[in-house]
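On a predicted model such as this, the values are computed, not experimentally measured, just so you know.
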Amino acid sequence: NTYVGVPHAVLSAGGRDCLHAGDTCSSDDTCSPRLRTLRQCVAGDGSMKLGPGARSQCENAMTALLSTPLHGCQCKRGMKREKNCLSIYWSLHQSVLHGLSLVESYPYEPEERGSDYVRLASIAAESEVTTVNRCLDAAKACNIDETCQKLRTEYVSACIQPSARSGPCNRPKCNKALRKFFDRVPPDYTHELLFCPCTDTACAERRRQTIVPSCSYEEKDKPNCLVQLRDCKQDYVCRSRWAQFQYDCEASEHSASGCKRENHGSCLLAYTGLIGSTITPNYLDNSTSNVGPWCSCAASGNHREQCNDFLAFFHDNICLKNAILAFGNGSDVKTGASQPGMSSPATDSHSPHLATTAPGVSMETEQNVLRAQIPTQVRRDGRVEM
């Protein structure tokens with residue numbers, strides 16, 4: 001094996017691109033067939049393709065791949081070929097063989113984006129009104145920034161455009177444009193638009209309308225949450241965003257911030273990563289800062305508790321609640337990007353509904369893996385008006 005002899009500490013360090021690691025493996029005569037074997041195992045029909053010794057072949061392939069650059073590789077949110085990158089990541093991380101699972105990392109590299117608070121503050125200071133309205137200031141700041149203004153106009157246009165096939169709007173096109181906006185625009189702008197503090201219902205409604213919920217969020221009826229989650233887990237990108245959200249917004253009653261990672265910024269970033277997915281969250285009303293996906297646990301049958309646990313991660317999550325409120329009052333925790341631990345975080349026994357294992361451990365409970373205001377208008381010059 002080409003990789004034998006390379007120090008394990010170097011191989012398992014974070015920050016390597018899974019696409020590059022996959023290319024390196026594919027061009028290696030020893031690594032390539034093992035990766036193919038593991039992918040057959042993960043696909044669920046490995047035993048048929050691999051024959052009687054399937055389980056041992058799967059175990060051997062996975063053990064061997066732990067000594068290659070594939071182990072510890074990660075992806076960047078919004079990167080080109082993101083889905084391809086994540087498919088390589090999950091090939092290794094969703095393999096559950098005889099209890100062997102990899103939980104030492106999560107799909108995405110930590111985001112390290114600085115916040116241009118001086119620029120945003122200067123825009124706020126130029127506001128003609130004496131009362132500070134951070135939501136309006138956020139809209140102005142976005143219109144001044146070329147990337148923010150362009151991508152915001154794109155998603156608003158996509159989300160309010162009627163579709164001959166799907167009626168009032170084209171939801172897939174709207175969601176794609178929303179993901180592009182939240183992935184490519186710095187959180188200095190996106191967080192101010194989405195988490196600005198409101199003291200009246202008009203402001204709160206404007207904030208709730210940021211993601212054009214009539215297209216991206218609401219439906220005629222509320223689907224079952226577990227159906228939404230199942231659909232999410234079948235998509236590499238959505239599955240990864242959900243895993244990241246569980247990791248970065250994991251609650252802890254023993255933490256002053258309410259967050260196990262002590263990082264409100266990472267939690268908010270992980271939250272925005274869910275927007276444009278099948279489990280898109282948004283404000284539940286215009287009188288509180290409560291958020292959650294558009295779904296119900298009404299028809300969950302024997303899985304009601306599992307469904308309630310999913311909703312509780314939004315509705316009753318002290319980490320997420322504190323992150324949103326702290327951003328609003330300017331006391332949010334900024335301790336740098338959270339780093340993946342080398343082992344599965346212990347669950348918090350005092351808050352069973354909010355505890356979670358680190359992404360990487362199989363989250364499939366049904367089966368083992370082996371088997372602005374809408375901006376009221378778009379002006380003629382292309383800029384979005386709030």
Taking the side chain from Ser27 and the backbone from Thr24, do they hold a donor-acceptor pair closer than 3.5 Å? yes

For the side chain of Asn317 and the backbone of Cys249, is there at least one donor-acceptor N/O pair under 3.5 Å apart? yes

Can you confirm whether more than 12 heavy atoms, excluding those of Glu146, are under 6.0 Å from its CD atom? no

Any side-chain heavy-atom pair of Ile160 and Val212 under 4.5 Å: yes

Let me see the working for Arg34 and Met62 under side chain to side chain contact (heavy atoms under 4.5 Å, CB included), right down to the final yes or no. CA-CA 8 Å; Arg34 285 170 173 164; Met62 186 162 130; over 6 Å; no

Quick one, Asn224 with Ser300, criterion side chain to side chain donor-acceptor pair (under 3.5 Å). Give me CA distance, side-chain angles, the key distance, then yes/no. CA-CA 7 Å; Asn224 183 269; Ser300 301; 3.0 Å; yes

Checking Tyr283 against Ile324 for the side chain to side chain contact (heavy atoms under 4.5 Å, CB included) test, could you report, in this order, the C-alpha distance in whole Å, the side-chain angles of both residues, the deciding distance, and whether it holds? CA-CA 11 Å; Tyr283 292 97; Ile324 293 173; 4.3 Å; yes

Could you walk me through whether Ser277 and Trp242 pass the side chain to side chain donor-acceptor pair (under 3.5 Å) test, one step at a time? CA-CA 9 Å; Ser277 75; Trp242 169 237; over 6 Å; no

Over 12 foreign heavy atoms within 6.0 Å of NZ, Lys176: no

State whether the SG distance for the cysteine pair Cys267/Cys319 is less than 2.5 Å. no

For Ala256 and Glu262, which heavy atoms make the closest approach, and how far apart are they? N-OE2, 4.1 Å

Are Asn143 and Arg152 packed together at the side-chain level, in the sense that at least one heavy-atom pair is separated by less than 4.5 angstrom? yes

Chi angles and distances behind the side chain to side chain donor-acceptor pair (under 3.5 Å) call for Thr37, Gln57: CA-CA 8 Å; Thr37 297; Gln57 285 190 51; 5.1 Å; no

Check against side chain to side chain contact (heavy atoms under 4.5 Å, CB included), Thr68 and Cys25: CA-CA 8 Å; Thr68 74; Cys25 179; 5.5 Å; no

Taking the SG atom of each, are Cys295 and Cys225 under 2.5 Å apart? yes

Evaluate Glu205 against Gln209 for side chain to side chain donor-acceptor pair (under 3.5 Å), listing each step before the verdict. CA-CA 6 Å; Glu205 179 60 20; Gln209 291 287 343; 2.8 Å; yes

Looking at Asp23, is its backbone amide N or carbonyl O close enough to the side chain of Ser26 to form a donor-acceptor pair, meaning the two atoms are under 3.5 Å apart? no

So, Lys321 side chain and His315 main chain: donor-acceptor pair closer than 3.5 Å or not? yes

Can you tell me if the gamma sulfurs of Cys18 and Cys73 sit closer than 2.5 Å? yes

Does the pair Phe195 and Thr190 meet the rule for a side chain to side chain contact (heavy atoms under 4.5 Å, CB included), with working shown? CA-CA 8 Å; Phe195 305 118; Thr190 59; over 6 Å; no

Main-chain N/O of Ala204 paired with Asn286 side-chain donor or acceptor, under 3.5 Å: no

When Glu82 is tested against each of Arg241, Arg179, Arg184 for salt bridge (Lys or Arg N to Asp or Glu O under 4.0 Å), which residue passes? Arg241

Worked verdict on Tyr108 versus Tyr89 for ring pair (Phe, Tyr, Trp, His ring centres under 6.0 Å): CA-CA 10 Å; Tyr108 294 109; Tyr89 173 90; 8.4 Å; no

Less than 4.5 Å apart, side chain to side chain, heavy atoms only: is that true for Cys198 and Cys135? yes

May I have the step-by-step check of salt bridge (charged side-chain N to carboxylate O under 4.0 Å, His left out) for Glu192 and Arg207, ending in yes or no? CA-CA 10 Å; Glu192 282 291 340; Arg207 182 178 64 178; over 6 Å; no

Checking side-chain contact (heavy atoms from CB on, under 4.5 Å) between Leu269 and each of His191, His264, Gln244, which is the one that passes? His191

Flag, side chain of Arg77 to backbone of Phe182, donor-acceptor distance under 3.5 Å: yes

When every non-hydrogen atom of Ser87 is compared with those of Tyr236, the smallest separation belongs to CB-CE1, 3.4 Å

Does Asp235 pair with Lys83 as a salt bridge, N-O distance under 4.0 Å? yes

Can you check whether Tyr271 reaches Pro281 side chain to side chain, under 4.5 Å on heavy atoms? yes

Would you say the side-chain atoms of Asp316 pair up with the backbone N or O of Ala312, donor to acceptor, closer than 3.5 Å? no

Are any of the side-chain heavy atoms of Leu193 and Cys142 separated by less than 4.5 Å? yes

Within the distance-only criterion (no hydrogens, no angle test), does the side chain of Gln228 pair as donor or acceptor with the backbone N or O of Trp294 below 3.5 angstrom? yes

Thr210 side chain to Leu194 main-chain N or O, any donor-acceptor pair under 3.5 Å? no

Given 3.5 Å as the limit, does a donor-acceptor pair link the side chain of Arg261 with the main chain of Tyr247, or not? yes

